[in-house]
Amino acid sequence: MKELYYLKKYFFKYRYRFFLGTFFVVISNIFALFPAQYVRKAFDTVKYSIENNQNENLYFEKNIFYFSALIIVFALLKGLFMFFMRQTIIVMSRMIEYDIKNEIYNHYQKLDLQFYKKNNTGDLMSRISEDVSRVRMFLGPATMYPINMISLFSLIVYTMININLKLTLFVLLPLPIMSISIFYISKTINLKSEKVQRQLAKISTFAQETFSGIRVVKSFINEKLNNSRFENEASIYLNKNISLAKTNAMFFPFMLLLIGLSTLLTIYIGGQEAIKGNITTGNIAEFIIYVNMLTWPMASIGWVTSIIQRAEASQKRINEFLTTKPKITNLNFKNKIKSGEIIFKNVSFTYPVTNITALKNISFKIDKGSSLAIVGKTGSGKSTIANLICRLYDIKNGEIKIDMKPIKNLNLSFLRNDIGYVTQEALLFSDTIYNNISFGTKTKNSLNKIKKYAGIAGIDNEIEKFPNSYNTIIGERGITLSGGQKQRISISRALIKKPKILIFDDCLSALDTKTEDLILKNLKTKFKNTTKVIISHRISSIKDVDQIIVLENGEIIERGKHEELLKSKNLYFEMYNQQLNKNNVHD
Ligand code: ADP
Ligand code: MG
């Protein structure tokens, strides 16, 4: 129960509901006892009528009618309080489920990229959905049934002992055996259903990948191969389900067998006691009802135990993530970025999970409002520099300063808020264009403002031509944008924040040179005071910047201005010529 201890704060939060629920359980059980007593009285009335030769049936009928009416009334009352019990305890478990999901979701969002690299999305999803459901089973049924069991058991056994101790002991005998066997059956069922769940997850992931990559699947004519792979996984799923169904099918017959056994014992021992005159025949009927009433609660001990074990395992998985601390911590200094000057001093960086050294001994300084271009082949470390400026990772060697302060001493939210980072993959959300552009701004933007920044990014005219212009939905359920359109919308999203630092990570690659020039010109005139980092492998995008660094294998191999670099005839010069030739071929 160590892991489940984490949930105590939620029990505390809903304590009134919980106590009320417990109260309803006890009340409903008290009402449950009465019908058995009236059945006994009815039986005894039969016997009395036979023995006393009551020829006129009036006495008998009146009594039976009276008892039946009472039985119905008490059954209704019991039902009513059972309804209340479920309404409090099960509803409480749903509320806690909601709270836990929110807690996990919030926590996920705080965790750093390293965490997301280490754990796949499927795992994150299953902990927030399946594992939470299992914990919910503990909070609801596995809390309610034991309370029910304990209160019902004490009430019934107390009543039974008052009638006859010997009979009580005998009829209770099979019950522990039942609990233990049910525990093992439940355990097997849970184990098997977990296997079923895991296989189901595998199938879902496979299907999801197929459908999101449907274009590749179709163009590589891989449908047949995929079909047979899917069929294979689905048949494994089928077999696991059949095996589960077999175990499930054993559950009820087994319970019925044990109930039957107890009933037989009751009749046999009860008969002997009745013959001796220790109890009435009505008592036998009463006991049979009690034994039946106890069966399910006793069986539930086994069931509940296995639920608790499962919940424990799930909560462990949940806790594992909840106790994961973000590696990037906010030291909570209040400073906002004022100038946006960036300094890298002997920065080396190795990615934590893969151990790839992406940067070696990088130093540069970008003054406020000036621009730096980073060029280099794929994998040379360009995006890594961008990641470090946003402090998506912390460095161990070297120093990064923004506004003359070590980056770790800046307030993390302010830092990221003051940086407009256009990532290499233009990732937009399945939402309207308006909302996508507004994404990073916390206040509501007027349409005019949105238009203005879309204009600076050179996409305003194209958006106006869409069916619902800025309210057009993009992504899975909406229109599909071209690579260049996506790039410009993500540029607008960064610009509208009016950041102190702008980072363009190869986000002009899908644009024609005319649009590219327009955007670069706009940056120069409209973002004069913004520090600009432009990553590109196209020389055309960067000829006008204040300084250029050329990266190779994580090292700066050249630096200077466009003309200087051309003169020195190294890698930059080579790249320039290659691109020039390419363009000439295209023209
Ligand atoms: P570029 O942007 O110049 O193409 P990157 O900065 O993306 O290069 O990558 C530099 C090196 O770091 C590459 O070897 C790449 O494989 C590695 N790398 C990039 N991102 C990650 C990451 N998130 N985790 C581990 N290694 C990474
Ligand atoms: Mg890159």
Side-chain angles (χ1 to χ4, degrees), residues 108-124 324 326-328 342 344 346-364 366 371-398 400 407 412 416 419-428 483-484 486-488 490-491 493-494 501-511 516 532-542 545 547-559 565 570-572 574-576 578-579:
Y108 276 176
Q109 292 214 81
K110 281 192 209 126
L111 292 169
D112 48 85
L113 294 186
Q114 194 180 330
F115 170 83
Y116 286 93
K117 192 91 189 166
K118 225 188 289 178
N119 301 289
N120 62 29
T121 318
D123 196 8
L124 292 171
T324 304
K327 293 262 173 352
I328 313 281
I342 305 172
F344 269 51
N346 300 329
V347 174
S348 296
F349 180 70
T350 302
Y351 277 102
V353 183
T354 52
N355 269 330
I356 293 174
T357 300
L359 294 178
K360 292 170 215 153
N361 221 9
I362 301 289
S363 302
F364 58 76
I366 321 171
S371 52
L372 169 86
I374 309 173
V375 284
K377 298 191 184 117
T378 335
S380 57
K382 304 184 297 291
S383 300
T384 306
I385 293 184
N387 288 340
L388 294 185
I389 297 174
C390 296
R391 206 179 157 209
L392 295 175
Y393 298 93
D394 273 336
I395 49 163
K396 292 202 182 75
N397 303 305
I400 299 176
I407 193 166
L412 192 60
R416 292 189 183 153
I419 296 178
Y421 180 18
V422 188
T423 52
Q424 196 165 1
E425 308 84 23
L427 186 105
L428 301 174
K486 280 191 205 159
Q487 285 187 337
R488 279 171 291 160
S490 33
I491 291 173
R493 175 174 66 189
I501 297 171
L502 254 179
I503 304 171
F504 275 23
D505 191 351
D506 224 350
C507 58
L508 301 167
S509 59
L511 306 179
E516 183 180 33
K532 293 164 277 275
V533 177
I534 296 172
I535 296 170
S536 177
H537 56 255
R538 227 166 45 183
I539 308 277
S540 61
S541 336
I542 56 169
V545 298
Q547 54 171 329
I548 299 170
I549 55 176
V550 183
L551 283 186
E552 195 171 53
N553 295 326
E555 282 177 286
I556 299 182
I557 53 164
E558 278 181 274
R559 64 169 84 218
L565 290 175
N570 273 320
L571 186 70
Y572 187 83
E574 244 172 65
M575 284 171 75
Y576 179 72
Q578 264 173 14
Q579 289 174 15

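Each residue takes its place number in the sequence, starting with 1. Counting starts at 1 for both ligands and their atoms, in listed order.
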Are [X] and [Y] close enough that some pair of their side-chain heavy atoms sits under 4.5 Å apart?
X: Phe364; Y: Val533; answer: no
X: Ile407; Y: Leu388; answer: no
X: Val375; Y: Val550; answer: yes

Which heavy atom of [X] sits nearest a heavy atom of [Y], and at what distance?
X: Asp112; Y: Lys327; answer: OD2-N, 2.5 Å
X: Ala358; Y: Thr384; answer: CB-OG1, 3.6 Å
X: Ile539; Y: Gln579; answer: N-OE1, 2.8 Å

Exercise. Determine the sole option in Arg559, Glu558, Lys382 for which the side-chain contact (heavy atoms from CB on, under 4.5 Å) test with Leu551 is passed.
Key: Lys382
Self-check item: Option from Val422, Ile535, Thr423 for which side-chain contact (heavy atoms from CB on, under 4.5 Å) with Cys507 holds
Solution: Val422
Quiz prompt | Contacts of the Mg ion (ligand 2) with protein N/O/S atoms, counting only those under 2.8 Å | solution = Ser383 OG, Gln424 OE1
Show me the short polar-atom pairs for ligand 1: any N or O of it lying under 3.5 Å from a protein N or O, with distances only.
residue	atom	partner	partner atom	Å
ligand 1	2 (O)	Ser383	N	2.9
ligand 1	2 (O)	Ser383	OG	2.7
ligand 1	3 (O)	Ser380	N	3.3
ligand 1	3 (O)	Ser380	OG	3.4
ligand 1	3 (O)	Gly381	N	3.1
ligand 1	3 (O)	Lys382	N	2.9
ligand 1	3 (O)	Lys382	NZ	3.0
ligand 1	4 (O)	Gly379	N	2.7
ligand 1	6 (O)	Ser383	N	3.4
ligand 1	6 (O)	Thr384	N	2.9
ligand 1	6 (O)	Thr384	OG1	2.5
ligand 1	8 (O)	Gly381	N	3.3
ligand 1	20 (N)	Tyr351	OH	3.4
ligand 1	23 (N)	Tyr393	OH	3.3
ligand 1	26 (N)	Thr354	OG1	3.2

Exercise. List the steps, then state whether side chain to side chain contact (heavy atoms under 4.5 Å, CB included) holds for Leu392 with Tyr421.
Key: CA-CA 11 Å; Leu392 295 175; Tyr421 180 18; 4.2 Å; yes
